[in-house]
Engineer: 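Please read through the structure below; I'll follow up with questions.
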Amino acid sequence: MVLEGNPEVGSPRTCDLQHAGNQGSCILSSPGEGAQPDEGPIKYGELISTPLVSKALSNRGQHSISYTLSRSQSVIVEYTHDSDTDMFQIGRSTENMIDFVVTDTSPGGGAAEGPSAQSTISRYACRILCDRRPPYTARLYAAGFDASSNIFLGERAAKWRTPDGLMDGLTTNGVLVMHPAGGFSEDSAPGVWREISVCGNVYTLRDSRSAQQRGKLVEDESNVLQDGSLIDLCGATLLWRTPAGLLRAPTLKQLEAQRQEANAARPQCPVGLSTLAFPSPARGRTAPDKQQPWVYVRCGHVHGYHGWGCRREQGPQERECPLCRLVGPYVPLWLGQEAGLCLDPGPPSHAFAPCGHVCSEKTARYWAQTPLPHGTHAFHAACPFCGAWLTGEHGCVRLIFQGPLD
């Protein structure tokens with residue numbers, strides 16, 4: 001995702017609004033048949049809305065956040081225009097105010113399917129504000145403005161007054177962020193998951209994803225995105241890369257050179273003695289061909305495809321490696337082709353288990369140690385290339401190739 005643009009948003013000012021009298025009412029009227037010009041319209045009645053509708057909410061040119069405290073009280077925070085900031089919005093809504101539409105992903109990399117797969121991603125999940133001047137700092141905020149330039153936090157949403165008298169709150173399923181320790185490089189280590197509020201403050205995680213009680217304020221951390229920061233929207237996890245970070249990342253040209261170098265070594269199946277080769281990315285992840293390398297993910301021995309060694313009594317996908325007799329999944333190997341997910345340009349030496357995506361050792365070990373949010377309160381490491389949950393003791397395995405015999 002490339003962020004560039006010129007939306008308008010700015011700093012907040014707060015006003016308390018009480019529901020009283022005709023505030024928040026919608027008057028239905030008509031001139032009436034036969035009415036004289038000086039008699040005025042005929043009043044049919046009023047529709048009273050709760051919470052009240054203020055000018056800030058009905059003005060599409062005015063960005064505002066509505067905090068519903070009760071059926072009779074709301075707090076409206078109005079935002080002024082800011083010429084020094086660009087705003088980008090992320091969510092599952094396909095409306096124009098959403099800059100990047102995201103959908104739920106299921107383990108295995110595909111979109112969640114079926115009528116029962118109700119999305120847990122908010123239509124207006126979060127927004128990122130970027131300074132237009134160097135160093136172009138990007139900040140993450142929960143929730144996004146809708147088609148009417150409003151953010152609504154209902155009566156059941158977690159919300160509170162801050163010590164300085166302003167309002168803040170959390171969205172239903174929350175927006176989580178994790179900043180890696182040591183940056184996104186060869187020395188990276190997973191950080192701690194935090195929750196970001198509507199005003200961009202940092203909190204410890206709630207007891208469960210949608211609990212109404214917020215976590216504790218983390219005063220020494222901020223919502224500023226760093227290279228390698230992970231943003232979780234409860235159904236999809238996004239990786240933030242900075243321009244400087246991407247300059248250190250391997251390029252697609254480098255990944256292709258690594259593929260060709262691996263194939264030039266002419267790895268062979270130790271049983272069938274056929275020469276193996278990683279397929280070209282242009283072919284896509286289709287059915288494996290006869291030269292496709294396969295791996296036993298428990299031991300890492302690489303073979304060509306064969307049909308023997310099935311141990312169906314231990315599971316439908318279980319196979320016994322003919323070299324070391326370890327039993328486990330037997331899957332085709334695919335080179336990971338998203339360079340932005342790689343920590344270094346190291347050789348493709350490790351594969352994730354059980355999906356078989358191949359990358360460098362440091363990239364594999366980093367993602368295998370990174371717990372991603374899953375469900376309401378669970379965490380699970382996943383392959384960054386396809387989203388498959390990792391299994392086994394380490395989540396990845398070192399590949400053991402056999403060279404040519406000649």
Side-chain angles (χ1 to χ4, degrees), residues 109 186 249-311 317-339 341-369 381 383-386 388 390-406:
E186 298 180 17
T251 63
L252 291 177
K253 185 176 181 180
Q254 287 176 312
L255 294 180
E256 174 60 17
Q258 290 178 349
R259 184 186 73 87
Q260 294 182 11
E261 183 178 352
N263 291 344
R266 296 173 57 210
Q268 289 192 337
C269 174
V271 177
L273 302 182
S274 59
T275 301
L276 308 176
F278 287 103
S280 168
R283 189 168 68 86
R285 185 163 175 165
T286 58
D289 61 23
K290 62 180 181 180
Q291 286 190 299
Q292 182 92 28
W294 287 63
V295 66
Y296 289 90
V297 297
R298 284 197 62 195
C299 59
H301 285 114
V302 179
H303 292 66
Y305 179 77
H306 52 253
W308 61 79
C310 295
R311 293 293 182 267
Q317 306 297 327
E318 300 297 293
R319 298 281 193 94
E320 181 182 90
C321 175
L323 297 184
C324 66
R325 302 301 182 185
L326 280 177
V327 176
Y330 178 61
V331 298
L333 292 174
W334 306 90
L335 288 173
Q337 291 298 315
E338 179 50 68
L341 297 172
C342 299
L343 274 75
D344 67 329
S349 59
H350 284 63
F352 290 108
C355 61
H357 274 105
V358 180
C359 59
S360 71
E361 177 180 4
K362 291 186 177 180
T363 296
R365 295 196 183 281
Y366 174 79
W367 289 108
Q369 296 170 5
C383 171
F385 301 105
C386 68
L390 302 185
T391 59
E393 183 179 356
H394 303 291
C396 61
V397 64
R398 182 176 67 88
L399 299 176
I400 302 174
F401 291 93
Q402 176 171 297
L405 300 179
D406 52 76

Engineer: How would you list, by chain and number, every residue that makes a ring-ring contact (aromatic ring centres under 6.0 Å, His included) with Tyr330, sequence neighbours excluded?
Structural biologist: Trp294, Tyr296, His306

Engineer: Who are the side chain to side chain contact (heavy atoms under 4.5 Å, CB included) partners of Val397, not counting sequence neighbours?
Structural biologist: Ala351

Engineer: Kindly give the heavy-atom pair with the smallest separation between His303 and Val271, and that separation in Å.
Structural biologist: CD2-CG2, 3.9 Å

Engineer: Taking atom NZ of Lys253 and atom CD of Gln258, what is their separation to the nearest 0.5 Å?
Structural biologist: 13.5 Å

Engineer: Kindly write out the residues that satisfy side chain to side chain contact (heavy atoms under 4.5 Å, CB included) with Ala262, not counting sequence neighbours, or none if the list is empty.
Structural biologist: Phe278

Engineer: Do Cys396 and Leu390 touch side chain to side chain, with heavy atoms closer than 4.5 Å?
Structural biologist: no

Engineer: To the nearest 0.5 Å, what is the distance between SG (Cys359) and NE2 (His350)?
Structural biologist: 8.5 Å

Engineer: For the pair Gln402 (side chain) and Val302 (backbone), establish whether a donor and an acceptor sit closer than 3.5 Å, ignoring hydrogens and angles.
Structural biologist: no

Engineer: How about CD on Glu261, more than 12 heavy atoms from neighbouring residues, nucleotides or ligands closer than 6.0 Å, or not?
Structural biologist: no

Engineer: For Gln254, check side chain to side chain donor-acceptor pair (under 3.5 Å) against everything at least two apart and list the hits.
Structural biologist: none

Engineer: For Glu186, what residues pass the salt bridge (charged side-chain N to carboxylate O under 4.0 Å, His left out) criterion, not counting sequence neighbours?
Structural biologist: Lys362

Engineer: Which pair of heavy atoms, one from Gly336 and one from Leu255, lies closest together, and at what distance?
Structural biologist: O-CD1, 4.0 Å

Engineer: Give me the atom names and distance for the closest heavy-atom approach of Leu326 to Arg298.
Structural biologist: CD2-NH2, 3.8 Å

Engineer: Minimum heavy-atom separation for Glu318 to Gly328, with atom names?
Structural biologist: OE1-CA, 3.3 Å

Engineer: Would you compute the distance between atom CD of Glu320 and atom SG of Cys299 and round it to the nearest 0.5 angstrom?
Structural biologist: 10.5 Å

Engineer: Could I get the full list of side chain to side chain contact (heavy atoms under 4.5 Å, CB included) partners for Pro384, not counting sequence neighbours?
Structural biologist: Leu341, Phe352, Trp367

Engineer: Listed by chain and number, what are the side chain to side chain donor-acceptor pair (under 3.5 Å) partners of Arg259, not counting sequence neighbours?
Structural biologist: Glu256

Engineer: Can you list the steps and then say if Gln268 with Ser274 is a side chain to side chain contact (heavy atoms under 4.5 Å, CB included)?
Structural biologist: CA-CA 5 Å; Gln268 289 192 337; Ser274 59; over 6 Å; no

Engineer: Under the rule for side chain to side chain contact (heavy atoms under 4.5 Å, CB included), what residues qualify as partners of Ile400, not counting sequence neighbours?
Structural biologist: His301, Arg398

Engineer: Minimum heavy-atom separation for Val297 and Ala353, please, with both atom names.
Structural biologist: CB-CB, 3.9 Å

Engineer: Which distance, rounded to the nearest 0.5 Å, do you find between the CD of Gln292 and the OH of Tyr305?
Structural biologist: 12.5 Å

Engineer: For Ala388 and Cys355, which heavy atoms make the closest approach, and how far apart are they?
Structural biologist: CB-CB, 4.1 Å

Engineer: Tell me every residue that passes side chain to side chain donor-acceptor pair (under 3.5 Å) with Glu361, counting only those two or more places apart in sequence or in another chain.
Structural biologist: Arg365

Engineer: Could you work out, with side chain to side chain donor-acceptor pair (under 3.5 Å) as the rule, every residue matching Ser360, not counting sequence neighbours?
Structural biologist: Asp344, Thr363

Engineer: For Pro293, run the side-chain contact (heavy atoms from CB on, under 4.5 Å) check against Leu399, Leu333, Asn263 and tell me which one passes.
Structural biologist: Leu333

